[in-house]
There are 2 protein chains.
Amino acid sequence: MNFSVSEENYIKSIYHLQQQTATVTTNSLANELRTKPASVTDMLKKLQTKQLVEYEKYRGFKLNATGNKIALGIVRRHRLWEFFLVNKLGFEWDKVHAIAEELEHVSSMELIKKLDAFLNFPQTDPHGDPIPDTNGKITVIKQLSLADIAVKKNVVVSSVSNQSPEMLEMLKHYHIGIGTSLKVNKHFTFDGSVEIKVVQQNPCVISEQVAKNIFVHHD
Amino acid sequence: MNFSVSEENYIKSIYHLQQQTATVTTNSLANELRTKPASVTDMLKKLQTKQLVEYEKYRGFKLNATGNKIALGIVRRHRLWEFFLVNKLGFEWDKVHAIAEELEHVSSMELIKKLDAFLNFPQTDPHGDPIPDTNGKITVIKQLSLADIAVKKNVVVSSVSNQSPEMLEMLKHYHIGIGTSLKVNKHFTFDGSVEIKVVQQNPCVISEQVAKNIFVHHD
DNA sequence: CATTTTTTTTAGATTTACCTAAATTTAAAT
DNA sequence: ATTTAAATTTAGGTAAATCTAAAAAAAATG
Ligand SMILES: [Mn+2]
Ligand SMILES: [Mn+2]
Ligand SMILES: [Mn+2]
Ligand SMILES: [Mn+2]
């Protein structure tokens, strides 16, 4: 079946919200899509008749198996385009989301297949998020935020959950990017700030807010 | 101002039809867009209030200076994407039009600027059609169809006006592509077919229908 | 547990981009 | 110059995606 841009945006947003809560509410989806609850209810009825969601009035909803597969297809396209924009066109990673938000809806299967090959089958997007494969399989790496990492362990930055220009500016200042190796020297209990040692840099202190948005895995 | 996908498709189609007839008719545009004349009239009223066309009831219409500039922007995006699809992703040129038809509507200025640079500022698309520059300036090369070329003149294929898979199959068979050097040996008056000599190939005869769709310039 | 408060749904409108069928205008043909 | 035919526009309607305001249901509160 074929889906409208609007339907695809709803499906993808439900998918993302489900990563946090198993079942999604009307208000949270309206908020995510910057639309009104009434519009969400309308669209949900449509997605229900198209058999993409499990939905019970007043009870919230979630994607079913079909819906999930479609969502992963959209996420795949989005992340492949983000990779292209950063690694081929030279965008900074805080600028690509809005553009990929449009490109993800271009519907040619062949296009994505060839784009994937051209990019050399990347596994993660510029923000460190995994790219689902053709079958919708996604490899979720176990990762912890810097705020929750024990001291003296060597870790590698695997993703950032805040992708704003402000966050990018901050990370650049600390010489941190996806793949950067570092370790935690100390957690300050006063304000939750964290002293870290980035390889080939002097130790520095980052705020709890920053630490919580940097995800790492052990190497 | 910002335009919908539909508005952009109308604007671009008017632009293309204007290349042949200075003023465009409702029926021809409906036919080009595979829509109905009544829909064209509706959209034309809108484009008129948006000050993009000169339109007199029952008298046909044409883009004004603003409309023309916008059309050239869309054509630019379309052709840059076609170039990308063929030269970076490895598509054959008979498969790219439909995909570029979607990609052309992605609206980021920065995207097109960076894409252009990534592609090394190409001057023509895979079908030999010129790519307008950022200011909407387009270099129209004087070109004649093979059906109208005098014998024994050395010419270079500069574009093809039929971009179907069937045409591509035929051109591949004759070893003809954009940039191929050839000359006309003879015009047959019986059916308008043309004997040509492609460099490093044996002479061959092509039908008038094929000849009319191959455009060349003197080298 | 009865009553607020919050969340969600329904009802009814609006905008965009279409459509068909009928009316109107222009062009072509007798 | 009529008449006929073709092109174009108008009238009226539909489907998708949105919205606001009101009604209904669920959750929170004292
Ligand atoms: Mn999107
Ligand atoms: Mn991303
Ligand atoms: Mn298009
Ligand atoms: Mn082209």
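Everything numeric here is computed off the predicted structure, so don't read it as measured data. Chain letters run A, B, ... following the sequence lines, proteins first and then strands; every chain starts at 1.
- Going from atom CG of B:N2 over to atom P of C:dT16 covers 14 Å, rounded to whole Å.
- Between A:T41 and C:dT10 there is no side-chain polar atom (N or O) within less than 4.0 angstrom of OP1 or OP2.
- Phosphate contact (OP1/OP2 of C:dT9, side-chain N/O of A:R59, threshold under 4.0 Å): absent.
- One finds no side-chain N or O of B:K45 lying less than 4.0 angstrom from the OP1 or OP2 phosphate oxygen of D:dT9.
- Distance CD (B:Q48) to P (D:dT9): 10 Å, rounded to an integer number of Å.
- With hydrogens and angles disregarded, a donor-acceptor distance shorter than 3.5 Å links the side chain of B:H127 to the backbone of B:W93.
- A donor-acceptor contact under 3.5 angstrom links the side chains of B:E8 and B:H105, judged on distance only.
- For D:dT18, neither phosphate oxygen OP1 nor OP2 lies less than 4.0 angstrom from any side-chain nitrogen or oxygen of A:R34.
- A sub-4.0 Å separation between OP1 or OP2 of C:dT6 and a side-chain N or O of A:N27 is absent.
- Ion pair B:R79/B:E104 not flagged as a salt bridge, since none of the NZ, NE, NH1 or NH2 atoms sits closer than 4.0 Å to an Asp/Glu carboxylate oxygen.
- Of the candidates C:dT8, D:dT9, C:dC19, C:dC19 carries the atom nearest the B:D42 side chain, counting heavy atoms from C-beta on.
- In summary, the side chains of B:E169 and B:H173 do not present any donor paired with an acceptor at a separation below 3.5 Å, with no hydrogens or angles considered.
- Considering only side-chain N and O atoms, A:Y10 lies under 4.0 angstrom from the phosphate OP1 or OP2 of D:dT18.
- Between the side chains of B:N27 and B:T25, no donor-acceptor pair is found at a separation under 3.5 Å.
- Across all strands, A:F61 comes closer than 4.0 Å to no nucleic acid atom at all (heavy-atom distances).
- Within 4.0 Å (heavy atoms only), A:S39 reaches at least one base atom of the nucleic acid.
- A:L44 has its CG atom 8 Å from the P atom of C:dT9, to the nearest Å.
- In this structure, A:V5 and B:T25 both approach DNA chain D, and ranking their closest nucleotides by distance from the 5' end singles out B:T25.
- Residue-level contact check: B:S6 touches the backbone only, with heavy atoms under 4.0 Å from sugar-phosphate atoms and none from bases.
- Whole-Å rounding puts the B:K57 NZ to C:dT24 C1' distance at 9 Å.
- Residue A:Y58 places no side-chain N or O under 4.0 Å from the OP1 or OP2 atom of D:dA23.
- The phosphate of C:dT8 has neither OP1 nor OP2 within less than 4.0 Å of any side-chain N or O from A:Y55.
- Taking the nucleotide of DNA chain D with the nearest heavy atom to each of A:E7 and B:A38, the more 5' of the two is matched to B:A38.
- Note on A:K36: every side-chain N or O is 4.0 Å or more away from OP1 and OP2 of D:dA21.
- Rounded to whole Å, the distance from CE on B:M43 to C1' on C:dT15 is 12 Å.
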